[in-house]
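These notes concern the structure reproduced below.
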Amino acid sequence: MTLPKFVFGMAMVIAVVALWSYLDAAGWGTILLRVLACAVILQVGYFLVILAMVLRTSPKAAEIKNTKTVAEGAPAVPADDLTPKGSAH
């Protein structure tokens, strides 16, 4: 999920919570408290989802062990990327 989609969704959820609280005849302090709690819960959830996505895409230990480093004789750049690009000046 991209950040703009998340922000839009979060704004809609907060608006629904605020409207629900207003129609429930809650006081302004209660409405503000519910909106803040909703925003915090959404932010924590978004953080946890992004963290899970990052951890899921990190290289596995077997992949790290199988890769050669430059010191072990692996080329520093891929073989198909050895052609010069751009101006020679």
Side-chain angles (χ1 to χ4, degrees):
M1 176 184 301
T2 62
L3 183 61
K5 286 181 183 178
F6 169 73
V7 171
F8 178 75
M10 186 174 89
M12 291 296 108
V13 169
I14 289 175
V16 167
V17 168
L19 181 64
W20 161 66
S21 296
Y22 178 75
L23 294 176
D24 194 32
W28 290 108
T30 304
I31 293 172
L32 182 62
L33 183 64
R34 287 177 181 174
V35 165
L36 288 175
C38 179
V40 168
I41 291 169
L42 287 171
Q43 285 288 333
V44 168
Y46 185 70
F47 173 77
L48 292 176
V49 166
I50 296 298
L51 183 65
M53 289 171 56
V54 168
L55 291 176
R56 187 177 59 208
T57 60
S58 65
K60 308 291 184 255
E63 293 173 0
I64 293 172
K65 191 169 69 171
N66 291 338
T67 60
K68 289 184 175 180
T69 62
V70 174
E72 295 172 346
V77 285
D80 61 343
D81 196 26
L82 294 176
T83 57
K85 294 179 177 60
S87 175
H89 298 47

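Remember, it's a predicted structure, so these values are computed and weren't measured experimentally.
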Do the ring planes of W28 and Y22 sit parallel (below 30°), tilted (30 to 60°) or perpendicular (above 60°)?
tilted
Pair listing, salt bridge (charged side-chain N to carboxylate O under 4.0 Å, His left out) test, anchored in residues 37-54, at least two apart:
none
Identify each donor-acceptor pair in which a side-chain atom of residues 7-21 lies under 3.5 Å from a protein atom, sequence neighbours left out, and give them as a table.
unit_1 : atom_1 : unit_2 : atom_2 : d
S21    : OG     : V17    : O      : 2.9
S21    : OG     : R34    : NH1    : 3.1

Determine, using the 4.5 Å side-chain heavy-atom cutoff (strictly less than), whether L42 and I50 are members of one ILVMFWY cluster.
yes
Going by chain and number, the hydrophobic cluster around L32 (ILVMFWY, side chain to side chain under 4.5 Å) further includes L36
Could you work out, with side-chain contact (heavy atoms from CB on, under 4.5 Å) as the rule, every residue matching L48, not counting sequence neighbours?
V44
Once side-chain hydrogen bond (donor to acceptor under 3.5 Å, both in side chains) is applied, what residue pairs with a partner in residues 9-19 remain, sequence neighbours excluded?
none
Here the side-chain hydrogen bond (donor to acceptor under 3.5 Å, both in side chains) pairs for residues 35-45, sequence neighbours left out, are none
Sorted by first residue and then second, give each salt bridge (charged side-chain N to carboxylate O under 4.0 Å, His left out) pair with at least one member in residues 6-18; sequence neighbours left out.
none
Can you list the steps and then say if Y46 with V49 is a side chain to side chain contact (heavy atoms under 4.5 Å, CB included)?
CA-CA 5 Å; Y46 185 70; V49 166; 5.5 Å; no
